[in-house]
*Asks:* 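Following this message is one structure expressed as structure tokens.
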2 protein chains.
Amino acid sequence: MTDLQPVFRALGDPTRRDILRMLGDSPMTIAQVSDNFDMTRAAVKKHLVVLSDGGLIHVEKRGREAVNTLNAAALRPVFDWIGTFDRFWDTRLDALKSAIEKDAANDTGYDTGYDTGKSND
Amino acid sequence: MTDLQPVFRALGDPTRRDILRMLGDSPMTIAQVSDNFDMTRAAVKKHLVVLSDGGLIHVEKRGREAVNTLNAAALRPVFDWIGTFDRFWDTRLDALKSAIEKDAANDTGYDTGYDTGKSND
DNA sequence: TCTATAGAGTACCATTTGGTATCATGTCAA
DNA sequence: TTGACATGATACCAAATGGTACTCTATAGA
């Protein structure tokens with residue numbers, strides 16, 4: 001259901017993964033993020049757009065600034081996708097996955113789009 | 001420690017993710033894999049090389065054939081990386097991650113390269 | 001041995017991607 | 001109001017990417 005491609009694409013670049021790490025510490029403006037990289041603000045901005053396309057960050061305009069906030073929940077579908085391989089890997093993952101899905105359904109209404117292990121992208 | 005980039009890169013393409021799915025059912029030769037796609041064998045072969053670079057598949061030459069086998073263990077570092085964001089997501093992930101890491105250290109000697117949550121790529 | 005077949009390797013092409021440079025717009029603050 | 005500043009938008013460039021076509025090598029089998 002959820003389109004995984006924009007998320008996987010966003011995660012495919014090391015700069016963008018670094019940005020996610022930084023935003024994990026606290027929300028940042030574009031200027032603050034780009035201070036941490038040896039590239040122009042415009043380049044950083046492009047990465048932020050890709051991250052936003054993948055739903056991994058949320059951008060809020062505050063006056064003349066744009067505050068970028070991590071949305072780690074968007075990593076869930078990736079986790080679920082990886083989880084479909086758990087039978088080759090570690091069976092305990094399966095138990096955890098079910099638990100989280102069940103919980104999500106009850107508590108947050110989050111729909112993983114994951115059901116019987118069939119393709120979802 | 002482990003270089004995540006080749007794995008994330010390999011996962012960034014939908015065709016390659018589909019190939020992983022197929023190889024999850026059973027090992028396949030290049031011809032068998034490409035029978036499932038509307039593209040040339042050469043193109044599929046390129047994808048298989050990228051998957052191999054990421055360690056996600058293992059290629060074994062058998063006579064004039066090349067059998068491609070899924071290596072789902074290479075997904076572990078990605079899982080670990082996502083796990084470093086679990087405090088924003090679901091705290092129970094943390095418990096699972098520790099359990100698996102502990103188990104991996106004891107049973108398989110697998111080193112996640114994950115320690116205190118500091119950057120690892 | 002001969003031939004069809006599986007795959008490797010290479011050259012080439014169009015598109016996407018990561019990046020810079022430049023200019024436009026909106027807002028804070030004196 | 002006016003100037004400095006944060007961001008947005010666009011044009012442009014080089015390199016990487018996804019793909020095809022074609023050639024070459026090696027092996028399975030009649």
Side-chain angles (χ1 to χ4, degrees), chain A residues 3-23 26-71 78 119 121, chain B residues 3-23 26-71 78 119 121:
Chain A
D3 186 11
L4 291 183
Q5 184 51 25
V7 192
F8 271 112
R9 190 211 155 190
L11 293 177
D13 183 278
T15 299
R16 288 194 286 267
R17 293 197 299 277
D18 284 346
I19 292 175
L20 289 182
R21 276 266 151 73
M22 291 175 193
L23 296 184
S26 88
M28 289 179 171
T29 65
I30 296 181
Q32 288 174 322
V33 174
S34 54
D35 278 348
N36 290 279
F37 293 96
D38 189 26
M39 69 180 78
T40 63
R41 263 178 315 207
V44 169
K45 162 70 170 154
K46 281 193 181 181
H47 284 302
L48 290 171
V49 167
V50 175
L51 287 169
S52 177
D53 287 347
L56 287 161
I57 65 172
H58 169 244
V59 187
E60 186 188 0
K61 293 202 66 168
R62 293 246 286 259
R64 67 177 160 177
E65 298 185 333
V67 180
N68 302 274
T69 309
L70 175 67
N71 176 33
V78 175
S119 170
D121 78 300
Chain B
D3 186 12
L4 291 184
Q5 183 52 22
V7 192
F8 271 113
R9 190 210 155 191
L11 293 177
D13 183 278
T15 299
R16 288 195 285 268
R17 293 197 299 278
D18 284 345
I19 291 176
L20 288 182
R21 276 267 150 80
M22 292 175 194
L23 296 183
S26 88
M28 289 179 172
T29 66
I30 297 181
Q32 287 174 323
V33 173
S34 54
D35 277 348
N36 290 279
F37 293 96
D38 190 26
M39 69 180 77
T40 63
R41 264 178 316 206
V44 169
K45 163 72 168 144
K46 280 192 181 181
H47 284 303
L48 289 172
V49 168
V50 175
L51 286 170
S52 177
D53 287 347
L56 287 161
I57 65 172
H58 169 245
V59 188
E60 185 189 359
K61 292 203 67 170
R62 293 244 286 258
R64 67 175 161 180
E65 297 186 329
V67 180
N68 302 274
T69 309
L70 175 69
N71 177 34
V78 175
S119 171
D121 78 301

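Numbers restart at 1 for each chain; the letters A, B, ... are given by sequence-line order, proteins then strands.
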*Asks:* Nearest-Å distance, CZ (R9(B)) to P (dT16(C))?
*Replies:*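 Going from CZ in R9(B) over to P in dT16(C) covers 17 Å.
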
*Asks:* Kindly indicate whether the side chain of K45(A) and the base of dG8(D) share any N or O donor-acceptor pair separated by less than 3.5 Å?
*Replies:*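 It does not, because no donor-acceptor pair links the side chain of K45(A) to the base of dG8(D) below 3.5 Å.
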
*Asks:* How many whole angstroms separate atom CD of E60(B) from atom P of dA6(C)?
*Replies:*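 From E60(B) CD to dA6(C) P: 18 Å.
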
*Asks:* Nearest to the A42(B) side chain among dG9(C), dG8(D), dG7(C), which nucleotide is it?
*Replies:*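 Among dG9(C), dG8(D), dG7(C), the one nearest the side chain of A42(B) is dG9(C).
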
*Asks:* Send over the distance from D13(B) CG to dT15(C) P, rounded to a whole Å.
*Replies:*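 Interatomic distance, CG of D13(B) to P of dT15(C): 18 Å.
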
*Asks:* Do R16(B) and F8(A) come close enough that some side-chain heavy atom pair is under 4.5 Å?
*Replies:*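 No, every pair of side-chain atoms sits at 4.5 Å or beyond.
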
*Asks:* To the nearest angstrom, how far is D53(B) atom CG from dT17(D) atom P?
*Replies:*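 About 10 Å, once rounded to whole Å.
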
*Asks:* Under 4.0 angstrom, heavy atoms only, what part of the nucleic acid is A66(B) near: base, sugar-phosphate, or nothing?
*Replies:*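 The residue A66(B) makes sugar-phosphate contact but no base contact.
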
*Asks:* Under 4.0 Å between a side-chain N/O of T40(A) and OP1 or OP2 of dT20(C), yes or no?
*Replies:*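 Yes.
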
*Asks:* With side-chain contact (heavy atoms from CB on, under 4.5 Å) as the test, pick out the partner of L56(B) among L70(B), V78(B), L51(B), L23(B).
*Replies:*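 Single pass found, and it is L51(B).
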
*Asks:* Any side-chain N or O of T15(B) less than 4.0 Å from the OP1 or OP2 oxygen of dG18(D)?
*Replies:*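 For T15(B), the contact criterion (side-chain N or O under 4.0 Å from OP1 or OP2 of dG18(D)) is not met.
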
*Asks:* Want to settle it: does K46(B) or K61(B) sit nearer the 5' end of DNA chain C, counting the closest nucleotide to each?
*Replies:*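 Taking each residue's closest nucleotide, the earlier one in sequence belongs to K61(B).
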
*Asks:* What contact category does A43(B) fall into here, base, sugar-phosphate, or nothing, at under 4.0 angstrom with non-hydrogen atoms?
*Replies:*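 A43(B): base contact, heavy atoms under 4.0 Å.
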
*Asks:* Nearest-Å distance, CG (N68(B)) to P (dA6(C))?
*Replies:*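 For the pair N68(B) CG and dA6(C) P, the rounded distance is 14 Å.
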
*Asks:* Checking Q5(B) side chain against G54(B) main chain: does a donor-acceptor pair fall under 3.5 Å?
*Replies:*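 It does not hold such a pair.
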
*Asks:* So, do V59(A) and N68(A) sit near enough that their side-chain heavy atoms are less than 4.5 Å apart?
*Replies:*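 With C-beta onward as the side chain, the pair touches.
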
*Asks:* Rounding to an integer number of Å, can you tell me how far D38(B) CG sits from dG18(D) P?
*Replies:*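 The answer, rounded to whole Å, is 17 Å.
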
*Asks:* Does H47(A) place a side-chain N or O at less than 4.0 Å from the phosphate oxygens OP1/OP2 of dG19(C)?
*Replies:*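 So the side chain of H47(A) is within the cut-off, an N or O lying under 4.0 Å from OP1 or OP2 of dG19(C).
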
*Asks:* Nearest whole angstrom, please: distance from the C1' of dA6(C) to the CD1 of I30(B).
*Replies:*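 Distance, rounded to whole Å: 8 Å.
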
*Asks:* How many Å lie between CZ on R62(B) and C1' on dT5(C), as a whole number?
*Replies:*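 Taking atom C1' of dT5(C) as the reference, CZ of R62(B) is at 18 Å.
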
*Asks:* R64(A) side chain: which of dC28(C), dT20(C), dA6(C) is closest?
*Replies:*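 Taking heavy atoms from C-beta onward, the closest nucleotide is dC28(C).
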
*Asks:* Does V44(B) reach the side chain of N36(B), with side-chain heavy atoms less than 4.5 Å apart?
*Replies:*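 No, side chains not in contact.
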
*Asks:* Looking at R41(B), does any N or O in its side chain come under 4.0 Å of the phosphate oxygens OP1/OP2 on dT20(D)?
*Replies:*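 Answer no for this pair, as no side-chain N or O of R41(B) is under 4.0 Å from OP1 or OP2.
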
